[in-house]
Amino acid sequence: MSSGIPTCPRCQGPMELGLVIDKGHAGEMKVPEWLEGPPERSFWFGLKTKGKEHFAVQTFRCTRCGFLESYANQAPQ
């Protein structure tokens with residue numbers, strides 16, 4: 001993804017930045033993250049994440065047709 005707001009690949013309409021909300025324990029809202037590799041189950045934490053790269057997911061929505069496009073190119077803050 002180049003810097004700036006992308007154009008919709010389907011209708012060439014303008015896209016706006018947003019996010020898809022990930023609900024955690026007790027309905028806590030969080031930004032979803034991309035985690036490298038296949039899922040590995042962890043007894044205590046659901047999935048093993050130690051030593052794996054992870055990035056926050058940003059999602060763009062086309063204001064014309066509603067198409068969603070997601071990118072994971074920066075570490076979560």
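One is the number of the first residue; the rest follow in order along the sequence.
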Visitor: Quick check: is Tyr71 connected to Phe67 through a chain of hydrophobic side chains (ILVMFWY, heavy atoms under 4.5 Å apart)?
Guide: yes
Visitor: List the atom of Arg41, the atom of Lys48, and the distance in Å for their closest heavy-atom pair.
Guide: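 That would be O-CE, 3.3 Å.
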Visitor: Report the distance from atom CZ of Phe60 to atom CG of Leu68, rounding to the nearest 0.5 Å.
Guide: 11.5 Å
Visitor: Show your working on side-chain contact (heavy atoms from CB on, under 4.5 Å) between Asn73 and Gln58 and close with a plain yes or no.
Guide: CA-CA 8 Å; Asn73 59 4; Gln58 292 183 316; 4.2 Å; yes
Visitor: Give the table of side-chain donor-acceptor pairs shorter than 3.5 Å for residues 4-18, with sequence neighbours excluded, one pair per line with atom names and distance.
Guide:
| residue | atom | partner | partner atom | Å |
| --- | --- | --- | --- | --- |
| Gln12 | NE2 | Cys8 | O | 2.6 |
| Glu16 | OE2 | Arg61 | NE | 3.2 |
| Glu16 | OE2 | Arg61 | NH2 | 2.7 |

Visitor: Are any of the side-chain heavy atoms of Leu35 and Thr49 separated by less than 4.5 Å?
Guide: yes
Visitor: Looking at Cys62 and Cys65, what are the two nearest heavy atoms and their distance?
Guide: SG-N, 3.3 Å
Visitor: Just verifying a value: how many Å separate Trp34 CH2 and Lys52 NZ, rounded to the nearest 0.5 Å?
Guide: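 One gets 10.0 Å once the value is rounded to the nearest 0.5 Å.
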Visitor: Out of curiosity, Lys30 NZ to Ile21 CD1, how far, rounded to the nearest 0.5 Å?
Guide: 13.0 Å
Visitor: Which pair of heavy atoms, one from Glu36 and one from Gly51, lies closest together, and at what distance?
Guide: OE2-O, 4.0 Å
Visitor: With hydrophobic residues grouped by side-chain heavy-atom distances under 4.5 Å, do Leu19 and Met29 end up in a single group?
Guide: yes
Visitor: Considering only heavy atoms from C-beta outward, does the side chain of Ser70 approach that of Val57 to under 4.5 Å?
Guide: yes
